[in-house]
Amino acid sequence: MMLRIFLGIFLCSTMYFSFQAFWGDQGMKREEELAKQIEYQEQINKRLKVRNEALRAQIKDLRKGEDAVEEHVRAELQYIKDGEVFYRIVEK
């Protein structure tokens, strides 16, 4: 009788701890989810790092001289110098 009680408690506790080890808050499933979230965040961080480096380079160029400022004004505001001819092509 005592052996059956001990075996029942042992099986129940083994099942409980097995469940917690796999599906619990600190289990393997949660670890897999967190690993995926970390990988996704690292991809975002890489893209943002590249973007930040490009912005830093652009700031450096803008601080350096007028050529970069002129290039920026031409691209953003369609600036045209004296003596240049502007052609606009309209598709029908």
Side-chain angles (χ1 to χ4, degrees):
M1 180 72 173
M2 190 70 151
L3 182 62
R4 284 186 179 173
I5 294 173
F6 176 74
L7 186 59
I9 292 172
F10 178 75
L11 286 176
C12 288
S13 62
T14 303
M15 289 173 35
Y16 173 77
F17 288 122
S18 297
F19 176 83
Q20 289 298 322
F22 196 72
W23 286 289
D25 290 339
Q26 302 295 324
M28 291 187 289
K29 287 286 189 182
R30 178 73 175 143
E31 184 179 336
E32 290 173 7
E33 291 173 8
L34 290 174
K36 288 178 185 177
Q37 289 177 0
I38 289 170
E39 183 179 339
Y40 177 72
Q41 189 62 47
E42 286 175 347
Q43 291 174 355
I44 291 173
N45 290 350
K46 284 180 186 178
R47 284 190 303 226
L48 291 175
K49 186 176 180 181
V50 169
R51 180 177 163 241
N52 287 345
E53 289 172 1
L55 289 173
R56 282 189 189 102
Q58 186 178 15
I59 290 170
K60 184 179 176 182
D61 286 344
L62 289 172
R63 287 182 179 166
K64 207 181 255 189
E66 294 179 13
D67 292 337
V69 174
E70 182 180 331
E71 179 182 334
H72 183 69
V73 170
R74 285 174 166 271
E76 295 295 322
L77 303 175
Q78 286 81 35
Y79 175 74
I80 303 169
K81 282 186 176 180
D82 290 336
E84 289 183 338
V85 178
F86 175 73
Y87 294 98
R88 180 175 289 174
I89 301 172
V90 180
E91 295 183 25
K92 292 184 179 182

Task: Glu39 side chain reached by Gln43 side chain, heavy atoms, under 4.5 Å - done: yes
TODO: Take atom CD of Glu53 as the centre, draw a 6.0 Å sphere, and report whether it contains more than 12 heavy atoms from other residues, nucleotides or ligands.
DONE: yes
Open item on the list: Can you tell me how far apart CD (Glu32) and CD (Gln37) are? Round to the nearest 0.5 Å.
Closed with: 12.5 Å
Task: Pairwise distance CD1(Ile59) to CG(Asn52) - rounded to 0.5 angstrom - done: 9.5 Å
Open item on the list: side chain to side chain contact (heavy atoms under 4.5 Å, CB included) for Gln58 and Leu55? Distances and angles first, verdict last.
Closed with: CA-CA 5 Å; Gln58 186 178 15; Leu55 289 173; 3.9 Å; yes
- [ ] State yes or no: do Leu48 and Tyr40 share one hydrophobic cluster built from I, L, V, M, F, W and Y residues joined by side-chain heavy-atom distances below 4.5 Å, directly or via other members?
- [x] yes
